[in-house]
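Proteins come first, then strands; the chains are lettered A, B, ... in the order of their sequence lines, and each starts at number 1. Everything numeric in this text was worked out from a predicted model, so none of it was measured.
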Amino acid sequence: MKSRAKKGSAVKKPATTKKAAARKKKAAPKARSATPASQFSTPAGGPWGKCFLPRANGEKRYWLVKSEPETFGWSDLVRAQHQTTHWDGVRNHAARNFLRDGMRHGDLVFFYHSSTDPSAIVGICEVVREAYPDPTAVDPAHPGYDPDSSPAKPTWFMVDLRAVEPLPAPVTLAMIKKSRALAQMALLRVGRLSVTPVTPAEWKAVIALSRA
DNA sequence: GCCAACGTTGGC
DNA sequence: GCCAACGTTGGC
């Protein structure tokens, strides 16, 4: 399985002095937004703290994962053995926490195509194995290698996802942005995270949009 | 611990 | 291709 990330963010590269000079000309950095993603990365608090709380009996929770269809699309998942894949390549701590500490067996997950036209939620999959260490993070030959991680003390994790069904019709980012019911979706509020929570109400709203 | 200088994601 | 909005690194 290939990493979902274009490049391993853990791969350190030498600084380029050219770019450094270019950046000096830029205006002073703007103030941070009121809700940086780091705020959501701690199970203890933040708007999405509920994702990590104990569950009611039989409670199912909902998530969204992103992938570039060029790298690994919905059709790749459908063609995979048992229509199942290791969701490896997550190299962001907030996303890792949602994946490792939030996702549980049987949870349902929207499959979102990013960096494509149009970007859209295209299918539904299911968590069939809860978080376990991502071997690509401790493989020096792999682009997703992270020297700070080790088999004894892994930093990065993956889950197994199995395709359940495609959406009746893709729900595009434009549709999501127009929907009042989806205005607070984590996908919109922390757009760069590759793993985000979805509330039950948002889940229903996306399904309804897909059938509309 | 602060902060400037990066690097990355991903929509547009 | 541009660039906003992040996350990370490393000098101090």
Side-chain angles (χ1 to χ4, degrees), chain A residues 2-48 63-74 76 87-102 109-123 134 136-138 142-150 153-158 170-179 182-198 202 206 209:
Chain A
K2 290 185 177 174
S3 163
R4 287 356 178 255
K6 266 187 199 161
K7 285 161 198 160
S9 55
V11 179
K12 278 106 187 163
K13 293 189 176 167
T16 57
T17 49
K18 237 185 182 181
K19 281 198 175 174
R23 267 170 214 279
K24 277 196 175 178
K25 292 182 182 173
K26 290 189 89 176
K30 289 178 183 166
R32 288 295 170 112
S33 84
T35 54
S38 55
Q39 185 181 322
F40 313 126
S41 63
T42 43
W48 284 285
W63 311 92
L64 179 148
V65 297
K66 294 186 198 173
S67 188
E68 299 181 12
E70 242 178 67
T71 305
F72 188 87
W74 173 257
D76 295 304
W87 204 259
D88 58 19
V90 172
R91 297 294 183 272
N92 171 285
H93 291 276
R96 188 271 320 269
N97 291 346
F98 285 133
L99 180 146
R100 182 191 61 187
D101 306 327
V109 183
F110 282 138
F111 193 108
Y112 177 86
H113 280 166
S114 64
S115 293
T116 189
D117 192 16
S119 295
I121 300 171
V122 295
D134 179 349
T136 67
V138 295
H142 196 280
Y145 176 61
D146 177 6
D148 296 332
S149 188
S150 73
K153 227 185 162 186
T155 305
W156 305 112
F157 291 77
M158 61 188 189
V171 175
T172 65
L173 182 59
M175 293 164 68
I176 292 168
K177 285 184 167 175
K178 275 190 222 158
S179 164
L182 299 175
Q184 300 302 314
M185 239 185 135
L187 173 72
L188 300 180
R189 296 186 65 187
V190 279
R192 272 164 231 82
L193 279 190
S194 61
V195 181
T196 50
V198 176
E202 289 165 350
V206 169
L209 274 179

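For N92(A) and dT9(C), the CG to C1' distance is 16 Å, given to the nearest whole Å. What separates CG of D117(A) from P of dG10(B) is a distance of 16 Å, to the nearest Å. Put simply, CG on D148(A) is 11 Å from P on dT8(C), counting in whole angstrom units. Taking atom CZ of residue R189(A) and atom C1' of nucleotide dT9(B), one finds them 19 Å apart after rounding to whole Å. At whole-Å resolution of the value, OH in Y112(A) and P in dG10(B) are 8 Å apart. Straight-line distance from the CD atom of E68(A) to the P atom of dT8(B): 13 Å, rounded to whole Å. Going from atom CG of L193(A) over to atom C1' of dA4(C) covers 15 Å, rounded to whole Å. Following rounding to the nearest Å, L187(A) (CG) and dT9(B) (P) show an atom-to-atom distance of 16 Å.
Between W156(A) and H93(A), the two ring planes are tilted [angle within 30° to 60°].
The R192(A) side chain lies nearest to dA5(C) when the options are dC12(B), dA5(C), dT8(C). The listed nucleotides are dT8(C), dG10(B), dC12(B); the one nearest the side chain of L173(A) is dC12(B).
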Exercise. Could you walk me through whether R91(A) and D134(A) pass the side-chain contact (heavy atoms from CB on, under 4.5 Å) test, one step at a time?
Key: CA-CA 10 Å; R91(A) 297 294 183 272; D134(A) 179 349; 3.0 Å; yes
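With sequence neighbours excluded, the residues forming a ring pair (Phe, Tyr, Trp, His ring centres under 6.0 Å) with F110(A) are W203(A), listed by chain and number. With sequence neighbours left out, K177(A) forms a side-chain contact (heavy atoms from CB on, under 4.5 Å) with L173(A), L188(A).
For the OP1/OP2 pair of dG10(B) and a distance below 4.0 Å, the side-chain nitrogens and oxygens of H113(A) include no atom meeting the criterion. Taking side-chain N and O atoms only, K66(A) has a distance below 4.0 Å to OP1 or OP2 of dG10(B).
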